[in-house]
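First the structure, in the form of structure tokens, and then the observations on it.
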Amino acid sequence: MSLLPLVPAPAHASSPGGAPFRLSSGTAIVGDANAADAVAALRTLIQRRTGLRLSSVGAAGPGAPTLALEIDRVGRAESYRLRADTASVTVAAADAAGLFYGVQSLGQLITATDADWVIPAVQIDDEPRFAYRGVMLDVARHFFDVDTVRAYIERAAALKFNVLHLHLTDDQGWRLQLRSRPALTDRASSTAIGGDRGGYYTQNEYREIIAHAAAHHMTVVPEIDLPGHTHAVSLAYPELCEPPVLSEHVREVVREYGGDLPTSGAPYEGMAVGFSSLKIHDEATYAFLADVLGEVAALTPGPYLHIGGDEALGTSAADYAEFIGRATALAAATGKTPITWHEAGASAALAPGTIGQYWGFVSPTDGADDKARAFVAHGGRLILSPADAIYLDMKFAADAPLGLTWARGVTSGQRAYEWDAAAVVPGIDDSGILGVEAPLWTETVRTLDDMDALAFPRIAAAAEAAWSPPWKASEDRTWDSFRARVGDLGPLWARLGIHFTALPEIDWATDGARGDGEYS
Ligand code: TNX
């Protein structure tokens, strides 16, 4: 399959050779009522990619060139089969998600010739490696309106991601309206990093995001970060929070990036972490958590509730362990499966079945792997987000205007690609791994263009880690194959309005005579 322009690489693909399918205004898209959403998605995708407006029909006339979409219930969840030859193209899938993914692959296969648009003759049998394939968006450090989140959902779904993790709360702001605790958004949502404007999602807006995600086969995982990253809570409920702990790290961030030290009663607009905490030994804290977690769970149809647990640097180990026991139990009591960052693995009281999100390095340091293994020992599994590979907020070049560098400096495309989920935490293989997630923290990110510039193309490497067979399992799962395939997606991304960074590590294709000058 090496030369097919598909990212993430499919589980199985072959090119039998022979003449391609030629796309023209006379091509019809065929699908019954079950396939209607996928037919509409394909129609839009083809129009954006080629400008052609194809008709869609319930059944094809004899001999007509068609793109046929069908849910035939064959195969595993999210799987699809794509067949293309000169006469027709068919996509058959196990379910609606699989058909949606088949449509995305079809969109990637469309190639410009001098005269027309073609789809090469191929046979693809595809299914995901991991059930959980996430992207995380931090809407707390900077706030993004619903349209921007919708755009990020569309970008991620096209790469076969199926989870949107929203980091909804942090020191800099509380971004979700709660009826049980209206003071959170009334008093702690209007600001963001660097004096930028904040904001929050009303409950209807949150539902809109969930619905748009669902229409793209994505589940929303809300995160309420606890017990640290809670300075915003202190603006609404000062009695629940400890005073800021002004560590050397906090002072250093202020020296390096400017801004003020965190102060009780004032919004925090800087980039330091680890200075805030809820009061661990006050029952009012747990009444607050019961309200907040209960309401967020009720608003959220998906099965997970993320309660953070990272960087509680001002909290003693014993207090932290006790808090994690109580908070994971409260999250589980809502009927959801709790997720925490991997630090919470240090707590012997972790609720059984809690999922751990590992954000250490590809080669673990400081015992991060011990903490990660603890989740599996407690009956849970891991989500892998190795920071030095798929933290999309890391700089892709030393002189990049956006991004951070704490995760071992610059993260090139090659470094984002060359790792495997089953090789990160010793002793944990695919059976202990729920999936892979690529976070985008937004300290330096203010717009959709900023998101695009940092995320693309490295988000495609994360997609491949989440969906495709293991790294080096075949010649398709190598950096050389990936850089050729991802380079071929340049014209598609450009047509979709994605302002990706043209990393010099990759040869970016253009549409040649057909497309030159039509996009920049
Ligand atoms: C670490 S990763 C954090 C975040 C920052 C991020 C910036 C994690 C669980 N915590 O608070 O935004 O680094 O890269």
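Whatever order the structure lists them in is the order used to number ligands and atoms, beginning at 1. Since this is a predicted model, take the numbers as computed values, not measurements. Side-chain atoms are counted along with the backbone in the values below, which use heavy atoms only and exclude waters and symmetry mates.
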Which residue owns the protein heavy atom closest to [atom], what's the atom, and how far is it?
{"atom": "atom 2 (S) of ligand 1", "value": "Y391 OH, 2.5 Å"}
{"atom": "atom 1 (C) of ligand 1", "value": "E311 OE2, 3.3 Å"}
{"atom": "atom 14 (O) of ligand 1", "value": "D393 OD2, 2.6 Å"}
{"atom": "atom 5 (C) of ligand 1", "value": "E443 OE2, 3.3 Å"}

Any donor-acceptor N or O pair under 3.5 Å, side chains D126, W467: yes
Pair Y417-R477, side-chain donor/acceptor within less than 3.5 Å: yes
Pairing of D488 and R483 as salt bridge, 4.0 angstrom limit: no
Give a yes or no on whether a salt bridge exists between R141 and D170, defined as a side-chain N under 4.0 angstrom from a carboxylate O. yes
Any non-hydrogen atom of [X] lying under 4.0 Å from ligand 1?
{"X": "E343", "result": "no"}
{"X": "M271", "result": "no"}
{"X": "H229", "result": "yes"}

Give me the atom names and distance for the closest heavy-atom approach of A77 to P128. O-CD, 4.0 Å
For ligand 1, does Q357 get within less than 4.0 Å through its side chain, its backbone, both, or neither, judged by non-hydrogen atoms? neither
Taking both backbone and side-chain atoms of D170, is any N or O found less than 3.5 Å from an N or O belonging to ligand 1? no
Would one find an N or O of W406, backbone or side chain, under 3.5 Å from an N or O of ligand 1? yes
Quick check: F500 with W508 (ring centres under 6.0 Å apart)? yes
Close side-chain approach of P262 to L246, heavy-atom, < 4.5 Å: yes
Just wondering, do N162 and T219 contact through their side chains at under 4.5 Å, heavy atoms? no
M394 heavy atoms within 4.0 Å reach ligand 1 at atoms 14 (O)
Can you tell which of T340, L404, D310 gets a heavy atom nearest to atom 9 (C) of ligand 1? D310
